[in-house]
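All figures in this text were calculated on a predicted structure; none of them were measured in a lab.
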Amino acid sequence: MKKNFIFDILLNFNKEFIEYYEWNTDDILSHIKKIPIFSIPDEKIVEVLKAKKISILNKLPEIKNQTEVYCKRKADDFSYTFLLCSSEKVVAIMLDDQKNIIKKSDLLIDEEDEILENYQNYTKISIELEEQKEIEKPLLITREEKNKFNFIIEKINQSNPEKLKYLAYEITNDNIKINSKKDLINLLNNKNLNILYNLFMISHNN
């Protein structure tokens with residue numbers, strides 16, 4: 001008998017997928033009472049983590065408003081929320097009404113393991129994904145580094161041409177020609193990430 005729902009799990013929805021071991025104590029978790037689940041091929045689960053839009057190709061039971069939450073954040077809309085499961089990984093997906101992926105969540109390891117034990121029992125679906133075109137990032141390892149990078153990108157996008165030249169000099173010690181914000185972003189690496197972050201934080205706090 002096919003199982004179409006998972007009960008009583010914790011999810012940590014964010015715009016970027018955050019591995020469970022990088023969850024922070026100040027993260028606002030959603031205690032899920034009931035959520036739909038579907039299985040997909042193993043090769044698709046990696047694509048899901050990079051996707052910005054998802055289309056379900058085969059007919060399914062209505063998923064709108066099928067997720068029930070014990071206590072939810074006011075900012076979150078769980079109307080189109082479900083789990084996707086391969087034989088090795090489970091990912092929670094939150095969509096808007098245009099099928100755009102707005103948030104994703106990992107699962108606690110014990111809850112994920114329990115779900116994976118029943119992988120064969122979930123309804124199989126076919127999905128089509130539209131991958132997110134992202135700015136190439138330096139090799140980021142931790143959640144803190146990812147947050148720093150996103151903060152830097154936001155500040156670079158607010159910078160004028162003179163500020164861009166100054167920032168480029170600070171991380172290269174050279175009067176390198178910068179024609180665009182993307183040129184500066186492309187100079188970022190793990191070594192100079194903290195240099196720019198500290199410069200922006202000094203001006204941010206002044």
Side-chain angles (χ1 to χ4, degrees), residues 2-7 9-24 27 29-30 32 35-61 63 66-67 76-150 152-153 182 185-186 188-190 193:
K2 294 296 182 183
K3 296 175 63 176
N4 293 320
F5 290 94
I6 295 297
F7 300 88
I9 61 172
L10 290 176
L11 296 176
N12 186 10
F13 279 108
N14 291 277
K15 291 181 180 179
E16 289 194 19
F17 182 80
I18 299 174
E19 302 276 1
Y20 77 91
Y21 53 80
E22 288 198 291
W23 293 6
N24 291 333
D27 286 343
L29 304 183
S30 299
I32 305 298
I35 186 170
I37 184 168
F38 307 103
S39 66
I40 58 175
D42 287 353
E43 64 272 13
K44 283 290 184 180
I45 202 73
V46 176
E47 296 177 28
V48 167
L49 297 180
K50 301 177 182 178
K52 69 174 182 179
K53 193 165 186 175
I54 183 169
S55 297
I56 299 172
L57 302 181
N58 53 327
K59 292 183 179 180
L60 285 174
I63 64 171
Q66 292 300 301
T67 295
D76 283 339
D77 181 357
F78 290 83
S79 299
Y80 298 95
T81 306
F82 52 92
L83 300 176
L84 291 177
C85 175
S86 72
S87 65
E88 298 179 347
K89 186 67 186 170
V90 185
V91 179
I93 301 293
M94 183 183 290
L95 306 179
D96 62 17
D97 57 7
Q98 300 299 312
K99 301 178 182 177
N100 296 303
I101 298 176
I102 52 178
K103 291 185 179 181
K104 304 169 188 174
S105 175
D106 201 2
L107 280 72
L108 295 174
I109 188 66
D110 56 335
E111 295 180 346
E112 181 177 53
D113 286 346
E114 186 175 343
I115 292 171
L116 292 175
E117 289 176 3
N118 294 292
Y119 166 68
Q120 298 295 335
N121 296 328
Y122 307 129
T123 299
K124 294 181 180 180
I125 62 170
S126 297
I127 59 174
E128 187 174 85
L129 300 164
E130 183 178 330
E131 189 168 327
Q132 178 73 52
K133 293 181 179 179
E134 295 184 342
I135 297 170
E136 187 174 349
K137 300 180 181 181
L139 181 60
L140 304 176
I141 300 174
T142 67
R143 180 179 181 180
E144 181 183 2
E145 288 173 327
K146 291 176 184 177
N147 289 339
K148 283 183 179 181
F149 181 83
N150 291 333
I152 289 169
I153 296 301
K182 187 176 180 180
I185 292 169
N186 288 337
L188 293 177
N189 56 47
N190 290 77
L193 197 69

Sidechain-backbone polar pair: Glu111 side chain, Leu10 backbone, donor-acceptor under 3.5 Å:
yes
With the side chain counted from C-beta on, respond yes when Asp77 and Met94 share a heavy-atom pair under 4.5 Å apart, and no when they do not.
no
Could you tell me whether the side chain of Thr67 and the main chain of Thr81 form a donor-acceptor pair under 3.5 Å?
yes
Can you confirm whether Gln66 sits close enough to Phe5 that some side-chain heavy atom of one is under 4.5 Å from a side-chain heavy atom of the other?
yes
Is a side-chain N or O of Lys104 found less than 3.5 angstrom from the main chain of Val48, in a donor-acceptor match?
yes
Can a donor-acceptor pair be found, under 3.5 Å and without considering hydrogens, that links the side chain of Asp42 to the backbone of Ser86?
no
Any side-chain heavy atom of Asn12 sitting closer than 4.5 Å to one from Asp106?
no
Could you state the interatomic distance from CD1 (Ile37) to CD1 (Ile63), rounded to the nearest 0.5 Å?
13.0 Å
Least distance between heavy atoms, Ile125 atom then Pro41 atom:
O-CD, 4.5 Å
Closest approach of Leu108 and Trp23, non-hydrogen atoms and distance?
CD2-CZ3, 3.6 Å
Interatomic spacing from CD in Gln120 to SG in Cys85 - rounded to 0.5 Å
9.5 Å
Hey, could you give me the CD1/CD distance between Ile40 and Glu47, rounded to the nearest 0.5 Å?
8.5 Å
Heavy atoms of other groups near Glu19 CD, more than 12 under 6.0 Å:
yes
Taking Tyr21 for its side chain and Ile109 for its backbone only, find out whether a donor-acceptor pair lies under 3.5 Å.
no
How about Ile32 and Ile6: do any of their side-chain heavy atoms sit closer than 4.5 Å?
no
What's the shortest heavy-atom distance between Tyr119 and Ser87, and which atoms?
CE1-N, 3.5 Å
Value for CG (Asn100) from OH (Tyr80), rounded to nearest 0.5 Å, stands at 12.5 Å
Could you go through Leu95 and Phe82, starting from their C-alpha distance and side-chain angles, then the distance that decides it, and tell me whether this counts as side-chain contact (heavy atoms from CB on, under 4.5 Å)?
CA-CA 9 Å; Leu95 306 179; Phe82 52 92; 3.7 Å; yes
If you apply the rule side-chain contact (heavy atoms from CB on, under 4.5 Å), what do you find for Leu83 with Tyr122, and how did you get there?
CA-CA 10 Å; Leu83 300 176; Tyr122 307 129; over 6 Å; no
When you compare the side chains of Glu16 and Asn150, does any donor N or O come within less than 3.5 Å of an acceptor on the partner?
yes
Stepwise side-chain contact (heavy atoms from CB on, under 4.5 Å) check, Ile35 with Phe78
CA-CA 10 Å; Ile35 186 170; Phe78 290 83; over 6 Å; no
From Ile93 CD1 over to Phe17 CZ, what is the distance, rounded to the nearest 0.5 angstrom?
8.5 Å
To check you understand the geometry: which heavy-atom pair defines the closest contact between Leu116 and Lys89, and what is its length?
CD2-N, 3.7 Å
Can you check whether Val90's main-chain N or O pairs, donor with acceptor, with Glu112's side chain at less than 3.5 Å?
yes
OH on Tyr20 to CG on Leu107, rounded to 0.5 Å:
11.5 Å
